[in-house]
Amino acid sequence: MLYTQTISCPIPYSLFTFSVPFTLRFQTATLSTMKEISLTGIKPTGDLHIGNYFGAIKPALELAKTYDARYFIADYHGLNTMKDPAELSSTARHVAAGWLAAGLDPEKVLFYRQSAIPEVFELTVMLTAFTSKGMMNRAHAYKAAVQDNTDKGDDPDAGVNMGLFTYPILMAADIIIFDSDVVPVGKDQVQHIEMAADIVQSVNANYGKPVLKIPRAGVQPDSAVVPGLDGRKMSKSYNNTIPLFAPENTLKKTIMRMLTNSQTVEEPKDPDTCQIFQLYRLFANKEEQAALAAHYRAGGMGWGMAKEELFLAANRLLAPMRERYNAIMADIPALDKILEQGAEKARPIAAATVKRFRKAAGID
Ligand code: ADP
Ligand code: TRP
């Protein structure tokens, strides 16, 4: 599909009609393909979990079938919290291997480390000039940190580094630099993509032409929020995750630790309010879901059995992925080469965006 940004123009844009020149511009900027571009990144800040898989990796790989896909390891985002070099380096490879084990084909998807594309950081600096501080004050992660500090009676900015404060700008650069149309993410990331769109609009409004492309979030309704062991959103920060590549016995033990209420085996149970069932739905087909739901409602099924069913369905999907993951991690040089090759292909695209912006800005 050709790029027609005029349709969703906010008020300042009504003065301009730029669908024709922008279309021409993006014909040259998108590697001679007319497909829309899907882009997403994952920070290497810990073990991948099934929330990451269903919320980000799986929908992204689904989109890669029909979109021009660009997926990456957001290692400079990781640096905000990961100060141990060995840990950051090994987690970055873990996440990269995770994508490949989940089915990413580096021949079809541009796959790279953020740190290998220095143009991202040049674009970040340019974008800071178009980003209001007030917008950064409103970013969820920063606001949550300030709230936390205030609740504890600490200085509001205690422990907040500038990387956290400006996080949405770096993320906007990641997205904008590859002319992304859609960004598959979980619901928690939507605000960042809206901010990226706002920043683009400020840039384009300033120059009176569409220098940068406006991205949109792509959230899968079924897996927008995958619940964790305790029923809250599954997240490393809540320590309630089910790791994606844990050995089979660890997977089983983790699932068995899921929090349940004190209903007896005999009591009928409601699948719709149960996080075990919510997770089961992600792994099981429609018939299996209907069968387990009926079992819930009929009574006579204890939580242990529901967890066992969940484990079996999860392991069916995860066992082959785990095997591929282990094989990839056994050859790190080959993994690094895949990422380097991806970066080589990605850099000219990134450089073209920066050049376009610099020219519009009068820095040429
Ligand atoms: P975490 O919350 O564990 O730190 P990240 O913030 O690193 O996870 O998330 C990486 C990607 O996975 C993001 O696109 C995010 O939206 C998605 N994601 C993370 N947890 C979940 C979840 N529980 N449900 C759906 N998507 C999720
Ligand atoms: N902020 C995302 C997260 O916490 C990771 C990320 C960095 C990202 N840059 C991105 C996601 C660009 C999508 C697009 O999960």
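Order of appearance sets the numbers: ligands from 1, and atoms from 1 within every ligand.
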Would you say the side chains of [X] and [Y] form a donor-acceptor pair under 3.5 Å?
{"X": "Tyr325", "Y": "His94", "answer": "yes"}
{"X": "Asp272", "Y": "Tyr296", "answer": "no"}
{"X": "Asp151", "Y": "Gln147", "answer": "yes"}

Ligand 1 and [X], any nitrogen or oxygen pair closer than 3.5 angstrom?
{"X": "Lys187", "answer": "no"}
{"X": "Ser235", "answer": "yes"}
{"X": "Val226", "answer": "yes"}

Revision key, fill the gap. With heavy atoms and a 4.0 Å threshold, my read on which part of Tyr71 contacts ligand 2 is neither

Review point. At under 4.0 Å between heavy atoms, which part of Met234 makes contact with ligand 1: side chain, backbone, both or neither?
Key: both

Review point. Taking non-hydrogen atoms only, is Val225 closer than 4.0 angstrom to ligand 1 via side chain, backbone, both or neither?
Key: backbone

Review point. With a 4.0 Å cut-off, would you call Glu308 and Lys252 a salt bridge?
Key: yes

Practice item. May I ask you to say whether Arg316 pairs ionically with Glu288, meaning some side-chain N is under 4.0 Å from a carboxylate O? Key: yes

Practice item. Would you please test Asp157 and Tyr142 for side chain to side chain contact (heavy atoms under 4.5 Å, CB included) and show each step? Key: CA-CA 9 Å; Asp157 281 329; Tyr142 173 65; 2.6 Å; yes

Review point. Is the cationic atom of Arg232 (NZ for Lys, CZ for Arg) positioned less than 6.0 Å from the six-membered ring centroid of Tyr238 and within 45 degrees of its normal?
Key: yes

At a 4.0 Å threshold, what atoms of ligand 2 neighbour a non-hydrogen atom of [X]?
{"X": "Ile175", "result": "12 (C), 14 (C)"}
{"X": "Ala74", "result": "7 (C)"}
{"X": "Val183", "result": "13 (C), 14 (C)"}

Revision key, fill the gap. Taken to the nearest 0.5 Å, the spacing of Gln191 CD from Asp198 CG works out to 10.0 Å

What protein heavy atom is closest to [atom], reported as residue, atom name and distance in Å?
{"atom": "atom 11 (C) of ligand 2", "result": "Gly41 O, 3.2 Å"}
{"atom": "atom 4 (O) of ligand 2", "result": "Tyr167 OH, 3.0 Å"}
{"atom": "atom 9 (N) of ligand 2", "result": "Asp174 OD2, 2.7 Å"}
{"atom": "atom 2 (C) of ligand 2", "result": "Gln189 OE1, 3.2 Å"}

In terms of atom number and element, which parts of ligand 1 are under 4.0 angstrom from non-hydrogen atoms of [X]?
{"X": "His49", "result": "1 (P), 3 (O), 8 (O), 19 (C), 20 (N)"}
{"X": "Ala56", "result": "11 (C), 12 (O), 14 (O)"}
{"X": "Gly55", "result": "25 (C), 26 (N)"}
{"X": "Asp188", "result": "15 (C), 16 (O)"}
{"X": "Val185", "result": "14 (O)"}

Point to revise | Check: Phe178 ring centroid to Tyr112 ring centroid under 6.0 Å | key: yes

Point to revise | Test of proximity, Lys43 against ligand 2: N or O pairs below 3.5 Å | key: yes

Check your understanding: Any donor and acceptor pair, going by atom type alone, linking the side chain of Tyr71 with main-chain N or O of Val109 inside 3.5 Å?
Key -> no

Exercise for review: Mind listing the closest non-hydrogen atom pair of Arg93 and Met329 along with its distance?
Suggested key: O-SD, 3.8 Å

Practice item. I would like to know whether Ile73 and Ile42 meet side chain to side chain contact (heavy atoms under 4.5 Å, CB included); could you show each step before the answer? Key: CA-CA 5 Å; Ile73 316 304; Ile42 295 189; over 6 Å; no

Revision key, fill the gap. Looking only at non-hydrogen atoms, the one of Ile50, Asn52, Thr45, Asn239 nearest atom 9 (O) of ligand 1 is Asn52

